[in-house]
Amino acid sequence: MSSAPQQTTLWYDGQDNCLKVIDQTRLPFEVEVLALNTLEQAADAIVSMKVRGAPLIGITAAFGVYLSVRTDSGSLRYACESLLRTRPTAVNLRWALDRMYNSLKDLPEQQLAPAALELAQRLLAEDAAACGAIGDFGLDILTKLYQQKRELQGQDTVLNILTHCNAGWLATGAWGTALAPVYKAKLAGLPVHVWVDETRPRNQGASLTAWELAQSSVPHTLITDNAGGHLMQHGQVDICLVGSDRTTSTGDVCNKIGTYLKALAAYDNLIPFYAALPVSTVDFEAADGVSEIPIEERAADEVTHVQGIDDAGQLRRVQTSHPGTRVSNYGFDVTPARLVTGLITELGVFPATVQGLLSLKIQIR
Ligand code: MRU
């Protein structure tokens with residue numbers, strides 16, 4: 001069972017009457033908390049990726065709706081429409097805004113703001129609980145794998161997990177999706193070690209996942225994005241665990257660019273490949289992930305430049321390519337369902353098949 005949620009990256013501050021978020025563009029060098037007071041600030045935080053990760057984008061948008069209607073009760077539709085335009089791929093954004101809009105649209109003016117705040121708080125709490133449950137279901141998988149490995153290799157064995165991007169508590173209400181089972185494993189005393197893909201171009205693995213795991217003393221090793229296949233060929237990866245930004249009704253999993261290549265390598269090496277996601281990430285309207293999921297294209301400077309601190313401790317951006325080089329920067333890719341061993345959700349583990357998604361849908365109702 002879930003124990004108390006771990007760290008959280010977003011909360012409503014009732015004293016200051018604003019939304020507080022950790023600015024993820026400053027990590028891992030500074031933990032800076034931002035106060036968001038307006039719709040525009042909430043939308044900007046999503047666009048500029050001060051907050052990111054599929055569930056967190058949806059939760060931030062829900063609070064953004066509140067920040068808008070508390071000063072302008074006629075702005076519900078405008079707020080939802082403008083927040084929906086902030087990022088295209090993670091379906092949790094649409095899911096959260098639909099919930100806000102449908103619950104609020106018929107309320108009398110004086111009830112709108114308190115109801116919006118209450119619902120946004122509820123979405124945050126629900127996501128935290130969902131991720132805790134994902135952690136519990138994922139822990140069962142990790143425990144079985146560990147027991148099998150220990151029978152073959154003895155007491156000192158460690159379970160090696162490979163993850164891509166950041167699908168930890170920074171990306172959700174609490175716990176994370178792909179990292180929730182890892183945190184639960186750590187709490188349960190299971191010896192785990194995480195291979196952290198650095199996740200170019202924005203380095204969510206290097207700057208966020210490695211930092212998160214260090215906060216909880218989970219053993220981990222940062223690797224380049226191209227290293228996973230080699231490690232898998234050499235028996236150094238027991239399971240791949242990733243999050244998802246949108247999963248279709250057929251089980252295709254859209255996640256951070258590069259996930260597909262990890263799934264191909266895992267398939268070739270007979271390594272289980274799981275996606276962990278709350279049901280808010282499932283797009284039951286989409287069937288074929290490759291043709292139907294909008295893939296975000298981001299600015300060229302994310303590829304041509306890198307950010308880090310220099311030897312004097314100053315945060316700097318430096319250019320790594322010839323000026324004027326043509327750039328393509330797709331943010332996500334789609335892993336076809338046939339490469340996915342299973343989907344770990346808050347309602348259990350489901351096969352990444354039409355049948356599996358149907359049984360999930362039945363459980364939701
Ligand atoms: O572009 P980002 O950083 O928002 O992308 C995040 C991811 O791809 C995560 O893996 C995904 O949102 C799942 S997070 C729980």
Side-chain angles (χ1 to χ4, degrees), residues 6 8-10 21-25 27 45-61 86-96 124 127-128 130-135 138 162-183 194 196-209 211-212 225 240-247 253-263 273-283 289 293-299 302-303 329-335 340 343-346:
Q6 299 188 313
T8 182
T9 187
L10 173 151
V21 297
I22 294 179
D23 181 352
Q24 299 192 29
T25 62
L27 289 170
I46 298 172
V47 170
S48 60
M49 292 177 66
K50 293 181 177 76
V51 295
R52 31 67 49 203
L56 192 71
I57 291 170
I59 295 163
T60 307
T86 51
R87 290 193 74 188
T89 301
V91 78
N92 310 62
L93 179 63
R94 186 182 81 197
W95 176 89
L124 171 59
D127 188 66
C131 290
I134 287 170
L162 184 140
T163 193
H164 192 68
C165 196
N166 172 263
W169 59 264
L170 284 167
T172 65
W175 294 106
T177 54
L179 292 190
V182 173
Y183 291 128
V194 183
V196 179
D197 284 350
E198 69 179 335
T199 319
R200 280 284 290 147
R202 289 188 68 101
N203 290 319
Q204 288 95 329
S207 60
L208 306 177
T209 300
W211 179 81
E212 259 197 44
D225 288 327
C240 296
L241 266 181
V242 299
S244 174
D245 290 83
R246 193 183 294 229
T247 291
V253 170
C254 181
N255 191 49
K256 181 53 57 192
I257 192 87
T259 302
Y260 172 43
L261 294 179
K262 296 301 166 299
F273 183 96
Y274 284 90
L277 51 126
V279 296
S280 56
T281 300
V282 182
D283 183 354
I293 297 178
I295 300 294
E296 179 176 17
E297 288 187 70
R298 295 191 57 89
E302 290 186 351
V303 179
N329 186 13
Y330 289 99
F332 300 89
D333 61 24
V334 174
T335 298
V340 180
L343 305 170
I344 309 170
T345 77
E346 68 270 41

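Because the structure is predicted, anything quoted here is derived from the model rather than measured. In listed order, ligands and their atoms are each counted from 1. Atom set for the values below is all heavy atoms of this structure, side chains included, hydrogens, waters and symmetry mates excluded.
- Using modelled atom types, no side-chain atom of Asn166 and backbone atom of Gly53 make a donor-acceptor pair closer than 3.5 Å.
- The ligand atoms of ligand 1 that sit less than 4.0 angstrom from a heavy atom of Phe332 are 1 (O), 5 (O), 8 (O).
- For the pair Val51 and Ile46, the minimum side-chain heavy-atom distance is below 4.5 Å.
- Shortest contact from atom 6 (C) of ligand 1 to any protein heavy atom: Arg52 NH2, 3.5 Å.
- At a heavy-atom distance under 4.0 Å, no atom of Leu277 approaches ligand 1.
- Summary of contacts: the protein heavy atom closest to atom 5 (O) of ligand 1 is Lys256 CE, 3.3 Å.
- Close N/O approach between Asn255 and ligand 1 is found [any backbone or side-chain N/O within under 3.5 Å].
- Looking at Met49 against ligand 1, only its side chain comes within 4.0 Å, counting heavy atoms.
- Applying the side chain to side chain contact (heavy atoms under 4.5 Å, CB included) test between Pro88 and each of Arg94, Glu297, Glu296 identifies Glu296 as the sole match.
- Under the 4.5 Å side-chain criterion, counting only non-hydrogen atoms from C-beta, His164 is in contact with Asp225.
- Residue Thr172 approaches ligand 1 through these ligand atoms, each under 4.0 Å from one of its heavy atoms: 15 (C).
- At the top of the distance list for atom 11 (C) of ligand 1, counting protein heavy atoms only, stands Asp245 OD1, 3.1 Å.
- Distances from atom 13 (C) of ligand 1 to the heavy atoms of Gly205, Gly53, Pro278, Ser244 show the closest one on Ser244.
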>> Show, in sequence, the C-alpha distance, side-chain angles and deciding distance for Leu343 and Leu277, and conclude whether the side-chain contact (heavy atoms from CB on, under 4.5 Å) test is met.
In response: CA-CA 7 Å; Leu343 305 170; Leu277 51 126; 4.0 Å; yes
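- Side chain of Thr25 to main chain of Asp23: no donor-acceptor pair is present (N/O by atom type, distance under 3.5 Å, no hydrogens or angles).
- Judged by distance alone, the side chains of Arg52 and Gln204 never bring a donor and an acceptor atom under 3.5 Å apart.
- The distance from ligand 1 to the heavy atoms of Asn166 drops below 4.0 Å at these ligand atoms: 9 (C), 14 (S).
- With a heavy-atom cut-off of 4.0 Å, Pro55 touches ligand 1 through its side chain alone.
- Atom 15 (C) of ligand 1 has Thr177 OG1, 3.0 Å as its closest protein atom, hydrogens excluded (heavy atom only).
- Of all the heavy atoms of Ala54, the ones lying under 4.0 Å from any atom of ligand 1 are found in both the backbone and the side chain.
- The heavy atom nearest to atom 14 (S) of ligand 1, considering only Cys131, Gly331, Gly243, Ala171, is found in Ala171.
- You'll find the side chain of Leu56 reaches within 4.5 Å of the side chain of Thr9, heavy atoms only.
- The side-chain heavy atoms of Ile293 and Asp283, taken from C-beta on, include no pair separated by under 4.5 Å.
- Taking only non-hydrogen atoms, the option from His164, Arg87, Gln204 nearest to atom 3 (O) of ligand 1 is Gln204.
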